[in-house]
J.: 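What follows is a single structure, and I will ask about it in a moment.
Every chain is numbered from 1, with letters handed out A, B, ... down the list of sequences.
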Number of protein chains: 2
Amino acid sequence: MMSISSRFAVGIHILSLIEFNKDGISSSEYLAESVNTNPALIRKIIGMLKKAGLVEVHPGIAGTKLARQLSDITLLDVYKAVNVVQKHELFSVHENSNIKCVVGRNIQDTIIPILSTAQSALEKVLENVTIEDIVKDITEKENLDKRHS
Amino acid sequence: MMSISSRFAVGIHILSLIEFNKDGISSSEYLAESVNTNPALIRKIIGMLKKAGLVEVHPGIAGTKLARQLSDITLLDVYKAVNVVQKHELFSVHENSNIKCVVGRNIQDTIIPILSTAQSALEKVLENVTIEDIVKDITEKENLDKRHS
DNA sequence: ATTACCTGTAACCATAATAGTTACATTAGT
DNA sequence: ACTAATGTAACTATTATGGTTACAGGTAAT
């Protein structure tokens with residue numbers, strides 16, 4: 001029973017936290033404390049986000065900053081950045097099935113487009129949510145909690 | 001870079017082949033030859049399909065038969081049957097993030113519903129395709145190929 | 001320039017899932 | 001009884017994940 005790597009969720013966490021901490025310095029240690037993991041692991045993920053052009057970070061200089069507007073970073077951007085799923089290959093399909101059999105020689109061509117459509121449907125949902133939405137939602141939840149305490 | 005187990009694709013292959021071979025006996029060895037793998041692996045997957053009520057198969061008796069109408073087996077049924085993804089857990093989310101941090105104490109509640117929506121979008125696509133559709137598509141592709149040869 | 005600090009990575013580890021395989025107990029039909 | 005098929009347990013190799021240590025290399029402050 002597989003699942004998509006938590007690198008994706010952690011990536012969203014990191015980007016959101018950088019925004020909340022925009023007046024401070026978001027070092028890998030600072031971020032790691034919030035995610036509750038190792039700074040080295042955070043740096044690995046930040047490296048991926050950097051490669052995708054989502055953040056700015058420089059060796060020797062403490063802190064990571066967002067490279068784009070909050071509203072211009074979608075969850076799909078993050079999802080692609082952290083390499084959790086390969087394009088059109090969320091579903092793996094057995095290869096080398098027997099071409100002497102009607103099903104064997106046609107099954108791949110038949111199901112791959114369907115599986116691809118399913119994957120696209122998932123990705124479209126992620127494309128319609130930005131880090132700005134996440135930040136706003138966290139803020140709302142936070143205000144709600146305060147009112148109740 | 002993970003991907004959903006090919007058990008799903010193989011499950012679809014098996015069910016389709018049982019239909020194409022409905023006048024014959026679909027033993028695990030016969031099915032394995034088309035999938036190009038081991039009969040024991042096929043029996044494992046058939047065991048899952050059986051548990052989900054999609055096929056009928058009995059120890060000691062050769063062959064597996066469909067337990068439902070072709071049009072009454074969706075790809076979502078197969079997907080659920082072969083246990084490739086856990087309900088609401090296609091995406092894994094890091095737990096134990098730091099509750100002393102605004103983001104840490106809200107991130108899960110914020111992103112889990114979104115990820116769940118994305119997963120549902122994927123599953124809805126699978127729900128709208130039946131084994132009958134697959135069988136028809138294979139038949140069409142097959143006829144097309146014959147015309148061209 | 002030395003120090004202190006941070007990023008970037010290589011290397012390594014434990015764990016878990018996948019796909020495959022062997023072997024065998026169990027069951028049914030002849 | 002014999003044959004043949006299913007149902008499973010057990011084991012393997014491979015791979016991804018998440019975590020960790022260690023350290024090279026860059027930057028800034030003193």
J.: How about Lys141(B): does its NZ atom have over 12 heavy atoms from other parts shown lying under 6.0 Å from it?
T.: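 Check passes, neighbour count above 12.
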J.: From dG20(C), dA17(C), dG8(C), pick the nucleotide closest to the side chain of Met2(A)?
T.: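 It is dA17(C).
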J.: Around atom CD of Gln108(A), are there more than 12 heavy atoms of other residues, nucleotides or ligands at under 6.0 Å?
T.: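 Yes - once you tally the heavy atoms of other residues, nucleotides and ligands closer than 6.0 Å, there are more than 12.
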J.: Using atom CE of Met1(B) as one end and atom P of dA16(D) as the other, report the distance to the nearest whole Å.
T.: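 Between P of dA16(D) and CE of Met1(B): 8 Å.
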J.: Quiz question: by atom type and distance under 3.5 Å, do the side chains of Ser97(B) and Asn36(A) form a donor-acceptor pair?
T.: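 No, because no side-chain N or O of Ser97(B) sits under 3.5 Å from a partner of the opposite role on Asn36(A).
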J.: Among residues 101-108 of chain B, which ones have heavy-atom contacts with DNA chain C below 4.0 Å?
T.: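 Those residues: none at all.
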J.: So which pairs with a foot in residues 56-73 of chain A pass side-chain hydrogen bond (donor to acceptor under 3.5 Å, both in side chains), sequence neighbours left out?
T.: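 Found Arg68(A)-Asp77(A).
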J.: In whole angstrom, give the distance that lies between atom CZ of Arg43(A) and atom C1' of dG26(D).
T.: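 About 13 Å, once rounded to whole Å.
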J.: Does a side-chain N or O of Arg7(B) approach OP1 or OP2 of dT18(C) to a distance below 4.0 Å, or not?
T.: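 For Arg7(B), the contact criterion (side-chain N or O under 4.0 Å from OP1 or OP2 of dT18(C)) is met.
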J.: Nearest heavy atom decides the nucleotide; on that basis, is Val84(B) or Gly60(B) closer to the 5' end of DNA chain C?
T.: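 Residue closer to the 5' terminus by nearest nucleotide: Val84(B).
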J.: Nearest whole angstrom, please: distance from the P of dG18(D) to the CG of Asn83(A).
T.: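 Those two atoms, CG and P, are 13 Å apart.
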J.: How do Ser28(A) and Ser3(B) order along DNA chain C: which one's closest nucleotide is nearer the 5' end?
T.: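 Per heavy-atom nearest nucleotide, the more 5' residue is Ser28(A).
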J.: Considering every strand and a 4.0 Å limit on heavy-atom distances, what is the contact class for Lys50(A): base, sugar-phosphate, or nothing?
T.: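 Sugar-phosphate, no base atom in range.
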J.: OP1 or OP2 of dT18(C) sitting under 4.0 Å from any side-chain N/O of Ser6(B)?
T.: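 Checking dT18(C) against Ser6(B), no side-chain N or O comes under 4.0 Å of OP1 or OP2.
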J.: Which atom names give the shortest non-hydrogen contact between Pro59(B) and Lys50(B), and what distance separates them?
T.: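 In this case the closest contact between Pro59(B) and Lys50(B) is CD-NZ, 4.4 Å.
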J.: Would you say Ser27(B) places a side-chain N or O within less than 4.0 Å of OP1 or OP2 belonging to dA5(D)?
T.: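 Answer is no, no contact under 4.0 Å.
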J.: So do the side chains of Ile73(B) and Thr130(B) get within less than 4.5 Å of each other, counting heavy atoms only?
T.: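 No, side chains not in contact.
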J.: Just checking, is any N or O donor in the side chain of Asn98(A) or Ser34(B) under 3.5 Å from an acceptor N or O on the other one?
T.: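 No, because no side-chain N or O of Asn98(A) sits under 3.5 Å from a partner of the opposite role on Ser34(B).
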J.: Between Glu19(B) and Lys22(B), is the closest basic N to carboxylate O distance under 4.0 Å?
T.: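 Here Lys22(B) pairs with Glu19(B) in a salt bridge, since their nearest N and O are under 4.0 Å apart.
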J.: In whole Å, I'd like the distance from the CG atom of Asn38(B) to the P atom of dA5(D).
T.: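 Between P of dA5(D) and CG of Asn38(B): 15 Å.
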J.: Please pick, from dT17(D), dA19(C), dT20(D), the nucleotide with the shortest atom-to-atom distance to any side-chain atom of Ser5(A).
T.: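 Closest nucleotide among those given: dT17(D).
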J.: Look at the side chain of Lys44(A) against the base of dG19(D) and say whether a donor-acceptor pair falls under 3.5 Å; ignore hydrogens and angles.
T.: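 Side chain to base: pair found, below 3.5 Å.
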J.: Quick one: Lys65(B) NZ to dT6(D) P, roughly how many Å, whole number?
T.: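 So the two atoms are 13 Å apart, to the nearest Å.
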J.: How long is the line joining CE of Met48(A) and P of dT9(C), in whole Å?
T.: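 Taking atom P of dT9(C) as the reference, CE of Met48(A) is at 11 Å.
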J.: Would you mind telling me which residue lines up with the more 5' stretch of DNA chain D, Pro59(A) or Ala40(A), judged by nearest nucleotide?
T.: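 So the residue in question is Ala40(A).
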J.: Measure the distance from OH on Tyr30(A) to C1' on dC5(C) and round it to the nearest whole Å.
T.: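 Result: 19 Å.
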J.: For the side chain of Thr37(B), counting heavy atoms from C-beta on, which of dG8(C), dG20(C), dG19(D) is nearest?
T.: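 Out of dG8(C), dG20(C), dG19(D), the nucleotide with an atom closest to Thr37(B)'s side chain is dG20(C).
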J.: Rounded off to whole Å, could you give me the CD-to-P distance for the Glu29(B) and dT21(C) pair?
T.: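 Spelled out: CD on Glu29(B) to P on dT21(C) is 14 Å.
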J.: For the helix from dA1(C)-dT30(D) to dT30(C)-dA1(D), how many degrees between its two end axes (five pairs per end), to the nearest 10°?
T.: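 The helix from dA1(C)-dT30(D) to dT30(C)-dA1(D) shows an end-to-end axis angle of 10°.
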J.: What's His94(B) touching, base or sugar-phosphate or nothing? Going by heavy atoms closer than 4.0 Å.
T.: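 No contact at all - His94(B) keeps every heavy atom at 4.0 Å or more from the nucleic acid.
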J.: Is the shortest heavy-atom distance from the side chain of Met1(B) to the side chain of Glu89(A) under 4.5 Å?
T.: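 They are not in contact (no side-chain heavy atoms under 4.5 Å apart), so the answer is no.
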J.: Would you call Arg105(B) and Glu142(A) a salt bridge, taking side-chain N to carboxylate O under 4.0 Å as the test?
T.: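 Salt bridge: yes.
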